[in-house]
Structures are given as C-alpha cells and as structure tokens.
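Worksheet for the structure shown next.
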Amino acid sequence: MHWELFTFKILPGFPQVSLRFVSWILSIMGLPGGLLLILILQIITGNTSGTLVSSCDSCHDEATCRESRERGDSFASQVISCVCKDGFVGDGLTCYNTKLCSDSSCCSQGYHWSLDSGCVDTDECSLPESPCPPPQVCQNTPGSFQCVEPSSSTRSGNSSQSVQFTCGHNVCPLGMDCITNGNWTGCDDPCDHYTVLDDEWRSTNNTINPIVHCDRNVNWQGWYRLFLGQMSAHIPEMCVADNRCGTHAPLWITEPHPTQSNEIVVRSVCGSWRSCCSFSSNVIHVKLCYGNYYVYKLVMPSTCSLAYCAEVNRTEPAVALTTPDQRPHNSTNAQATSYMTATTSAATVEGQVRLANGGNGSCSGRVEIFFRGQWGTVCDDDWDMTDAQVVCRQIGCGMVLSAPHSARFGQGSGPIWLDDVMCTGNESQLSECRHGGIGSHNCGHSEDAGVVCEAGSPVRLVNSDDRCSGRVEVLHNGQWGTVCDDAWDLRDASVVCRQLGCGSARSALQSAAFGQGSGPIWLDNVSCLGNESSLMDCRHQGFGAHNCIHSEDASVVCERQRPPPQSSQLICGHDKLQVGLDLASMTHSRFDPFSGNLAARNCTWVRVQDDVVWYEVEARAGACGNTLTTNHTHAIYSNSLFLYPINDTSFILPVSLPFSCAYPLDTDTSLNVAIRPLLALTGGISGLGTKARTSMSLFRDSNYTETYPAGQVTLPVGSPLYVEVSVDEKDPSLAAVLEDCYATHSSKPDDPVRYSLIHNKCPTDRRQVSVVESGLSSKARFSALFFLPQGEYRDVFLHCSLSLCDQRGSSCVPPCTSRKYRSISNSAPIKPLTIGPIIWDKSPE
C-alpha cells in the first residue's frame with residue numbers, strides 16, 4: 001500500500017501538508033500506511049480523540065468531519081472520522097468545552113473529567129475495594145458496573161458468564177433484573193417485562209435504506225423482544241454485510257445465544273462496516289425465556305449509523321436437555337403440563353384460549369390466551385365469576401364453578417397479555433371483553449388467573465335441586481365415586497364448598513342424607529384442616545381404601561348459590577343505577593325476584609318490564625345505602641341487592657348480589673378502556689356509566705352573571721377574562737378542581753406552543769391571574785389579565801383541564817402557598833376544555 005500526493009484542508013489557518021514528504025520519511029522507518037494516516041491526523045490537529053464513523057452526520061456540532069481515501073490500485077475505501085475543534089475535547093461524537101466543563105460539571109454520574117478526553121467513564125472495578133461481594137466479579141460498564149458470577153463451566157465450547165444485578169441494597173437472584181414497573185421497583189424476570197421491538201427494517205434481508213436508521217438516537221430502557229411480522233426474531237450470531245438492516249453498519253453478537261433459561265448472560269455486539277467489527281464493541285445482556293425466545297437489554301451503540309439487526313428464528317433454541325424448568329407448579333408429581341384449548345384446529349388463532357395445569361379433563365386450570373404469535377396469561381386483577389364464565393363457555397366446559405386468583409394452577413411464563421378484564425358475561429370469547437389493552441398490565445405471574453368449570457371439577461354435589469348442596473362425589477381415574485362419612489365434619493365440608501365456589505359450609509351431613517350413591521367409594525377417613533384448596537389435598541387413606549357402604553355416604557349443605565350473573569342486568573344511567581332480574585331465571589334458581597331490597601330495607605322493586613323485575617337507586621352517595629369511592633379515573637357507586645328464596649317464610653340469611661357503576665371522571669376519548677376499581681364486590685356485576693359532561697364559559701363581569709355568546713369574542717388588549725368551568729354532576733360530594741389553564745393560537749389543546757395561566761392548580765403569576773373558586777362545588781372560576789402573547793395580534797384560544805375531587809375525605813381547595821403543588825390523590829383529570837377564538841381589538845379606547 002502506498003499514498004499518492006494530496007493535501008488536507010481542514011481548518012482555516014492550518015498549513016497544507018505534503019503527504020509525499022511524510023510518507024517518504026515514515027517509509028524509511030518502516031511504518032504501515034494505516035498508522036501513517038493516524039500520525040498525519042495528529043500532526044495536523046494535535047488531537048488524538050477522533051472516532052471512525054460511517055457518516056459525517058454522526059459528528060458533534062463542535063467537531064470536524066475528516067474524509068480521506070485509502071488507495072491500492074484505485075481509490076476504493078473511504079475513511080471518515082470525527083475530531084473535536086480547538087477549545088473542545090472528546091471523541092468527536094461528543095465534544096466538551098474545555099473552559100466550561102473543566103470543573104466536571106458537564107459529566108454525568110459514573111464519569112469524571114479528563115483534560116485530554118473530556119468526560120470519561122469511571123472504572124469502579126479498579127477501586128481498592130471491589131463494589132461486588134465475593135465471590136462475584138466486578139465488570140465495568142459505561143457509567144456504572146455490574147457484578148457477575150465467575151464462570152465455572154463451559155457450555156457448547158463458549159464461556160458464558162451469568163450476571164446478577166443489584167436492586168437497592170439487594171442482589172437479584174440469577175435470571176432476574178432490577179425492573180421498574182409503574183411505581184414498583186424490584187427483582188423480577190425480564191421475560192415477563194419487555195418491550196416489543198418489531199421494526200421491519202431491522203431484517204437482515206433488508207438491503208434498501210431509503211432512511212438510514214441509527215440506534216444511538218434511541219433511549220434504550222429495560223428489556224426488548226424482537227419480532228419480524230408475527231414471528232419471534234433474534235439478533236444474528238454471524239457477521240452481517242454492510243448497508244443491511246436499515247442502516248450503514250448492522251449490529252450482530254459475537255457469541256452464540258445462551259442455552260440455559262435460568263440465567264442472564266453478557267454478549268459483545270459488533271458493527272459491520274468494511275469489516276465485521278469496525279467500531280467499538282458494546283456489551284448487552286441476553287436471556288433465553290421459557291417460551292423459547294430471547295429478550296435483550298440493549299444499549300446505545302458507540303456511533304451512528306449503527307442499528308441492531310433481527311432475523312427470524314430458523315430453528316427453536318437448543319435448550320439443554322439437562323436444564324429443568326424451574327417454574328413453580330401446583331402439582332405433586334412431575335407430569336407434563338396439560339392444556340384444554342378452545343379449538344381442536346392445528347392452527348392457533350388470535351384470541352384462542354386454553355387452560356393449563358388443570359388435569360382431570362382440563363376444564364379447569366390457568367387461563368392462557370394466544371396473541372401476537374405467543375401464548376400468555378391473564379392477570380387476576382378484578383378477575384371474577386363473570387369473566388370465568390366467558391372462558392368456560394368459550395372452551396365448551398359448561399358453567400363456571402369458581403374463578404381462582406393468585407396462580408392457583410401454578411405460575412405461567414412469557415407475556416401477561418390481559419389485565420383488568422371486565423366481561424358482561426354475554427361475550428362469546430374472552431378477547432371480546434373490556435381490558436386494559438393487550439400486553440398492558442402491572443402484574444407478575446404470581447397473579448395468574450384461573451377457572452374451574454363444571455365439566456372440569458373433580459368434586460360435585462348430586463341428588464339435590466341446588467348445586468351447592470347434595471351428596472359429595474369425587475372424580476378419580478375417569479369415574480365418579482362417593483366419600484365415606486367416617487370422621488366427616490364441618491372442616492371437610494368447608495373445603496368442598498369453597499372448591500365449588502359455594503361460599504361457607506352450613507352443615508356436614510352423614511348417613512346418606514341425600515340418598516345412597518352407587519359405584520366406588522373413593523375416600524374414607526378424610527381429615528381436612530379447612531384451608532385446603534381441594535378435597536384431594538386433605539389427608540385420607542388413599543383412593544379406594546375404605547371399610548364403608550353407601551349408606552354412609554357423606555353430604556354437605558353450603559350457603560345458597562348466588563344468582564348467576566347472566567340472569568342479572570345493570571344499567572349505569574347518568575342519574576340512576578338500575579338492576580334488572582330475569583323472572584324465569586330467578587324462579588328457576590328458586591329465588592323470589594320480588595323479595596329483594598337494597599342496602600336500605602325500604603328500597604325495593606319499582607317496575608316489571610318485558611319479564612324483568614327492575615330495582616333502581618339514584619346515583620348519589622348515601623341513597624338507599626349507596627357507597628361512593630373515587631380513584632384517579634372513576635367515581636364508583638356501589639350497593640347490594642338482597643334476595644330471598646321462594647316460599648321461605650322462616651328466618652334465613654338472604655343472598656346478596658353486589659353491583660357497582662363506575663363513572664369516568666376523565667372525559668378524554670383516548671381513555672376508552674373501563675377500569676374496574678378494587679372493591680369488595682366478589683361475584684357481583686359492574687358496569688360503566690356515562691362520562692361527566694363539562695362546559696366552559698367566558699363572562700362579561702366579575703359577578704359571573706352575563707356570558708359572552710359562543711364562538712368568536714373580540715376584546716381590547718389588557719382586558720380581564722372571567723372564566724367559569726362547570727361539571728354536570730349532581731353528587732355534592734364531588735368538586736371541580738382547576739388543574740391547568742393555558743392559551744394557544746389554535747383550537748387544539750395539545751398545541752405545543754402554549755401560554756400558561758394556571759399550572760398544577762395554582763396561578764403562574766398572581767399579579768395577572770386569580771383563582772376565584774376551585775375545589776368547592778361543581779363550578780370552578782378564575783380571572784386573568786391577558787395581553788398579547790409574544791406581541792402578536794393573533795387569535796387566542798383558552799383551554800382548561802379539570803379534575804373531580806372527593807370532598808368527603810379532605811379539603812379539595814388547592815393550598816397555593818408555594819410555587820409548586822403536587823396533585824392530590826383523590827382527584828381525577830378531565831379532558832381540557834376550550835373556548836375561543838378571542839380576537840384582540842386594536843382600536844384605541
């Protein structure tokens with residue numbers, strides 16, 4: 001390799017340098033051309049902090065992009081680097097002003113100031129005392145460090161260090177990271193908390209780059225899973241050619257993916273540009289998840305234009321056969337997980353449901369649903385009998401018996417697809433129910449929801465017209481049999497009642513009180529503690545071991561069955577809550593639909609229409625015993641309807657049908673998902689009411705008696721604005737609170753150019769803005785002197801956002817005694833209201 005004569009023109013005032021002369025001098029010294037180029041740059045600039053890049057666009061504003069062409073027989077390769085200008089130091093991608101930053105004020109945590117290089121990483125691992133507890137080894141990372149387990153084995157010929165992360169003062173177990181989810185931070189499995197990265201341009205098959213992407217511009221936070229279309233993807237393990245994956249220099253990992261699913265490993269990433277590893281390599285974290293896919297903890301590349309590549313898994317990951325599934329299962333033996341799905345078709349479709357880990361015909365188990373090419377679980381937040389009934393019907397397993405919470409059937413793996421599920425009971429499949437959005441949740445797998453359907457329960461009560469009383473029979477080896485009454489007591493009966501979703505046990509009967517059974521006697525000398533989840537979990541002699549006959553068959557009577565939700569209707573009107581009972585269904589369930597009353601004994605049925613008996617109550621706290629609770633998004637009115645059996649005139653406890661209506665306090669149309677609050681209303685029915693109606697008016701006087709007409713208003717500059725915002729809310733417990741009021745030059749509340757009048761409930765300038773009333777009633781008022789924003793005579797629109805606040809717990813009047821005020825917890829935002837345009841009158845007064 002040799003160099004032709006050419007010159008660099010870099011900065012004004014720099015002399016032109018003859019490379020032929022320098023080349024001649026260095027050839028005598030035997031130096032290669034590549035080193036020659038570096039030395040020439042040093043001679044010209046005196047700066048050694050240049051960084052090779054693929055494009056000049058990567059250079060900092062205070063850096064110079066240097067281009068040169070390396071020559072063999074022809075000019076073939078272009079070398080591009082970024083070098084900081086005089087008075088600045090850095091790597092060319094970031095340049096620091098030596099005068100402003102010399103006191104380290106420009107450096108972030110984990111970095112320190114260097115006279116030659118600017119802000120450089122602090123190597124915590126070189127400190128006299130290691131920050132990692134033994135036997136862990138400290139490994140430096142940009143701006144921080146990580147503690148890794150020393151590699152004690154070699155898998156598939158590759159060293160694979162597993163990483164343990166710190167979380168506060170704790171060290172997370174292997175395979176877990178310190179993860180923040182909303183307001184909660186703790187050690188958790190990244191396989192349950194990842195962001196989907198599904199950019200089609202990342203494909204290794206993409207050779208067209210109309211837009212050159214750069215992952216240095218991405219604020220990488222947490223863990224990511226790659227998708228191409230509906231297929232799971234992974235980062236390539238082999239060098240990728242230049243100008244693929246939507247970028248100049250594609251990123252790939254230099255070692256194979258992990259094969260153990262209980263650890264997190266580190267992998268180096270290289271960018272391909274003229275060679276397979278042209279840029280400073282980055283270190284990322286990788287984990288193999290139990291669903292045979294990978295998640296990655298990605299970091300910013302060293303420069304632009306580099307981007308992570310993705311390719312579709314050609315084969316399933318080679319999981320080591322010696323790796324046991326460490327997930328907890330609610331099982332006493334090592335049987336394989338069983339599933340009951342909603343269809344027998346080989347092709348899995350979106351929204352398909354299956355039950356896992358149930359056994360006994362698989363009409364009970366952990367609820368799993370199929371979305372985005374993968375099975376995932378359902379969180380148990382607000383999971384109830386109505387939701388479970390939809391699942392039982394979808395998979396053809398009859399009526400629901402119970403809706404277990406807290407991973408009763410073991411913890412699942414992979415994504416948690418649904419949370420805050422709210423079914424009406426009439427849906428044909430679970431995906432049709434209201435929920436918080438696919439993949440949107442604040443749960444862990446310890447909250448996986450389950451169901452027990454009628455066809456899947458290993459226990460039943462027979463020979464009675466009430467499914468919650470009768471002779472006890474259990475299913476074993478595909479055959480139903482009875483239970484002997486030796487030592488049969490109320491603790492045993494309570495387990496049966498709870499298992500069937502029938503409440504508490506009222507009596508434990510002996511001597512075949514509901515008639516003699518036939519077939520095998522499966523259990524004898526049953527001894528329950530009373531807290532078991534299944535009768536089979538209680539101590540007994542073993543299936544089929546007994547000294548009884550069928551005249552000793554055991555029976556139970558549980559609390560009366562709550563009316564099925566399908567026979568009840570709920571209407572959440574603007575001013576009334578209405579509950580309807582189907583005459584035929586109630587009579588079939590042996591309840592008198594006319595016998596009911598609400599929490600207040602004098603609130604009874606009001607009308608019969610189309611064979612439905614209707615009860616109603618005013619949407620107001622205290623009416624007929626209504627309770628009112630509020631959260632950040634809803635006002636929830638709750639009550640219960642108490643019903644009595646047909647022709648039963650003796651003293652007996654009624655059954656209750658709890659119901660609640662959630663009225664959104666947020667009128668923003670983007671909030672189209674109902675949030676069911678955490679109320680003690682198990683087994684009840686709930687609904688969503690209409691959104692609060694709001695209005696905003698501009699008044700002519702400070703007494704707020706005469707309004708301007710709707711539409712355009714013309715005012716002299718410096719005029720006072722008298723503004724009133726009101727909420728159509730009849731409940732005096734709720735008060736309107738001004739959150740933020742501002743002006744824009746457009747009618748769009750989300751206009752980024754805005755002029756604030758009220759912020760965080762308080763005036764931004766007390767000399768020009770006064771809050772007259774806020775947090776006292778359904779009306780809020782303020783006045784403001786408003787002058788020309790930026791001196792321009794342009795139309796102005798006023799916008800105000802509100803919240804409704806529950807006055808019963810505390811004062812809702814904002815204490816604007818300081819410049820900043822944090823929102824109170826018992827209020828909820830309302831979509832900004834708008835009036836205008838206001839046109840300034842330029843005529844002299």
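These numbers were taken from a predicted model, which means no experiment stands behind them.
Here the side chain of Y194 pairs no donor or acceptor atom with the backbone of L226 at under 3.5 angstrom. In this structure, D199 contributes its side chain and W201 its backbone to no donor-acceptor pair below 3.5 Å. Without hydrogens or angle criteria, D215 side chain to Y308 main chain gives a donor-acceptor distance under 3.5 Å. Listed for the D177 side chain is no donor-acceptor partner under 3.5 Å among the backbone atoms of I179. With R267 contributing its side chain and P256 its backbone, the two residues share a donor-acceptor pair below 3.5 Å. At least one donor-acceptor pair closer than 3.5 Å links the side chain of R244 to the backbone N or O of T204. Between the side chain of D91 and the main chain of T94, a donor-acceptor pair closer than 3.5 Å is present. Put simply, the side chain of W223 never gets that close to the backbone of H193: no donor and acceptor are under 3.5 Å apart. Side-chain atoms of R354 do not come within 3.5 Å of backbone N or O of W375 as any donor-acceptor pair.
One side chain, W252 or S272, offers a donor N or O that lies under 3.5 Å from an acceptor on the other. For the 3.5 Å distance criterion, the side chains of T247 and H213 fail to qualify, holding no donor opposite an acceptor. With hydrogens and angles left out, the side-chain atoms of D420 and H435 include no donor and acceptor closer than 3.5 Å.
Scored by the side chain to side chain donor-acceptor pair (under 3.5 Å) test, S108 finds no partners at all (sequence neighbours excluded). For N217, there are no side chain to side chain donor-acceptor pair (under 3.5 Å) partners two or more places apart in sequence or in a different chain. In terms of the ring pair (Phe, Tyr, Trp, His ring centres under 6.0 Å) criterion, residue partners of H285 (sequence neighbours excluded) are, by chain and number, F165.
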query = Between W220 and Y224, is a ring pair (Phe, Tyr, Trp, His ring centres under 6.0 Å) present by the stated rule, with each step listed?
reply = CA-CA 9 Å; W220 299 102; Y224 296 84; 5.0 Å; yes
query = Going through the checks in order, is the side-chain contact (heavy atoms from CB on, under 4.5 Å) test met by V269 and V299?
reply = CA-CA 10 Å; V269 176; V299 298; over 6 Å; no
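With respect to the salt-bridge test (charged N to carboxylate O, under 4.0 angstrom), the residues D380 and R366 do not qualify. Using a cut-off of 4.0 Å between Lys/Arg side-chain N and Asp/Glu carboxylate O, D189 and K287 are scored as salt-bridged.
For a disulfide, the SG atoms of both cysteines must be under 2.5 angstrom apart; this holds for C172 and C187. Taken together, C107 and C101 fail the criterion of an SG-SG distance shorter than 2.5 Å. The sulfur atoms (SG) of C84 and C95 lie less than 2.5 Å from each other. Sulfur-sulfur distance for C289 and C191: below 2.5 Å, consistent with a disulfide. The SG atoms of C82 and C65 are placed at least 2.5 angstrom from each other. Taken together, C106 and C119 fail the criterion of an SG-SG distance shorter than 2.5 Å.
Q164 places a side-chain heavy atom less than 4.5 Å from the side chain of L174. Annotation: side chain of E237 is not in contact with side chain of E255 (no heavy-atom distance under 4.5 Å). S268 places none of its side-chain heavy atoms less than 4.5 Å from the side chain of I253.
Ring pair Y294/H257 is tilted by interplanar angle, where 30° to 60° counts as tilted.
Applying the side-chain contact (heavy atoms from CB on, under 4.5 Å) test between V421 and each of V378, D382, D381 identifies V378 as the sole match.
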